[in-house]
Amino acid sequence: MAPDELDRRMMLLAMNEARAAFEAGEVPIGCVVARDGQVVGRGRNAMEGLKDATAHAEMMALTAACGSVGDWRLDGCTLYATLEPCPMCAGAILNSRISRVVYAAPDLRLGACGSTMDVLRGNPINREVVVESGLLADESVALMKEFFARLRKKGGKRPEPAENC
């Protein structure tokens, strides 16, 4: 499979995680960690359900990947996220030694991979992380807009999780 095809396939899996977060009443952000073309971790935003400020999609996927790989070192892995990682997640990406980050849409408020700040490039621990953006950005933005439009329509109340969640 060509690299572009692999990236698209992995980002589609991250979008599936974002849709599952949406259905659970969470901000629709999804993430997949892959090594050698194989998914080793998945995550979706779960802050509301877990009542945990650290339950971002990237954090959940990194934890799952570490468990799957059996090590906290995720050298050679690529992290695919539907939204640009925040400073907390970017720090975890550095600490876990992720080699590459591909994100769909920029986060113009909290993005830490180049939009508002850049934690990954030129970092003080001299760990090189390749960052690419824009893959399926329109789809990611559309899902976020739909979620927040529904939230506003309900007067700011989180949607109830779907029956199957």
Side-chain angles (χ1 to χ4, degrees), residues 3-50 52-69 71-121 127 129-148 161 165:
D4 290 345
E5 291 175 45
L6 177 62
D7 285 348
R8 183 172 175 75
R9 189 184 81 174
M10 293 298 163
M11 189 60 79
L12 286 170
L13 293 174
M15 286 298 301
N16 288 342
E17 293 296 322
R19 285 185 199 91
F22 182 103
E23 293 300 320
E26 300 279 354
V27 175
I29 302 168
C31 184
V32 169
V33 177
R35 179 184 274 166
D36 299 325
Q38 300 297 313
V39 173
V40 294
R42 297 171 189 260
R44 66 183 72 131
N45 203 23
M47 291 172 54
E48 298 296 330
L50 294 178
D52 181 352
T54 67
H56 289 198
E58 298 93 333
M59 301 298 281
M60 306 298 276
L62 288 168
T63 298
C66 290
S68 175
V69 169
D71 195 351
W72 62 268
R73 297 167 190 89
L74 298 175
D75 298 281
C77 289
T78 298
L79 181 139
Y80 297 88
T82 60
L83 187 67
E84 180 180 5
C86 72
M88 174 184 67
C89 294
I93 288 165
L94 279 178
N95 284 339
S96 65
R97 300 183 180 179
I98 289 283
S99 301
R100 183 171 168 247
V101 172
V102 179
Y103 67 86
D107 183 343
L108 301 179
R109 196 170 61 94
L110 292 173
C113 298
S115 291
T116 61
M117 63 190 85
D118 203 336
V119 172
L120 299 182
R121 287 178 268 222
R127 190 165 331 275
V129 181
V130 174
V131 178
E132 299 171 28
S133 63
L135 181 60
L136 299 182
D138 291 343
E139 292 88 336
S140 177
V141 169
L143 188 61
M144 296 283 279
K145 284 183 177 180
E146 181 181 351
F147 177 82
F148 285 109
C165 293

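Quick caveat, the model's predicted, so the values are computed rather than measured.
- For Ser96 (side chain) and Leu74 (main-chain N/O), no donor-acceptor pair under 3.5 Å exists by modelled atom type.
- Closest of all the heavy-atom pairs between Met60 and Leu50 is CE-CD1, 3.6 Å.
- Minimum interatomic distance between Cys31 and Ala61 (heavy atoms only, all atoms of both residues): SG-CB, 3.7 Å.
- For the residue pair Pro28 and Ala21, the shortest heavy atom distance occurs at CA-CB, 4.0 Å.
- A distance-only check finds no donor-acceptor pair linking the side chain of Arg42 to the backbone of Leu13 [under 3.5 Å].
- The closest donor-acceptor contact from the side chain of Thr116 to the backbone of Leu108 lies at 3.5 Å or more, if one exists at all.
- Atom CG of Asp107 sits about 12.5 Å away from atom OG of Ser133, to the nearest 0.5 Å.
- In this structure the side chain of Val131 reaches within 4.5 angstrom of the side chain of Arg121, judged on heavy atoms.
- Taking the charged nitrogens against the carboxylate oxygens, Arg73 and Asp75 have no contact shorter than 4.0 Å, which rules out a salt bridge.
- The distance from the CH2 atom of Trp72 to the OG1 atom of Thr63 is 14.0 Å, given to the nearest 0.5 Å.
- Cys89 is listed as a side-chain neighbour of Met59, based on a closest heavy-atom distance under 4.5 Å.
- Leu136 contributes atom CG, which lies 13.0 Å from atom CE of Met10 (distance to the nearest 0.5 angstrom).
- Summarising the geometry, atom CG belonging to Leu79 is positioned 4.5 Å from atom CD1 belonging to Ile93; distances are rounded to the nearest 0.5 Å.
- Shown here for Leu62 and Ala92, the closest heavy-atom pair between the two residues is CD1-CB, 3.7 Å.
- Two residues are said to be in side-chain contact when any heavy atoms from C-beta on lie closer than 4.5 Å; Asp7 and Glu132 meet this criterion.
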> Does the pair Val69 and Arg35 meet the rule for a side chain to side chain contact (heavy atoms under 4.5 Å, CB included), with working shown?
Replying inline: CA-CA 9 Å; Val69 169; Arg35 179 184 274 166; 3.5 Å; yes
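- Here the side chains of Tyr80 and Arg100 are in contact, with some heavy-atom distance below 4.5 Å.
- At distances below 3.5 Å, not a single donor-acceptor pair connects side-chain atoms of Thr82 with backbone N or O atoms of Ala14.
- Heavy atoms only, all atoms of each residue included: Ser99 and Gly76 are closest at OG-N, 2.8 Å.
- Annotation for Met117 and Pro87: closest pair SD-CG, 3.6 Å, computed over non-hydrogen atoms.
- Atom CG of Asn45 and atom CD of Glu58 lie 8.5 Å apart (nearest 0.5 Å).
- With Glu84 contributing its side chain and Ser115 its backbone, the two residues share a donor-acceptor pair below 3.5 Å.
- For the atom pair CZ of Arg97 and SG of Cys77, the computed distance is 12.5 Å after rounding to the nearest 0.5 Å.
- Put simply, the side chain of Arg44 does not reach to within 4.5 Å of the side chain of Glu26, judged on heavy atoms.
- When side chains are defined from C-beta on, His56 does not count as touching Ile29, because their heavy atoms never get closer than 4.5 Å.
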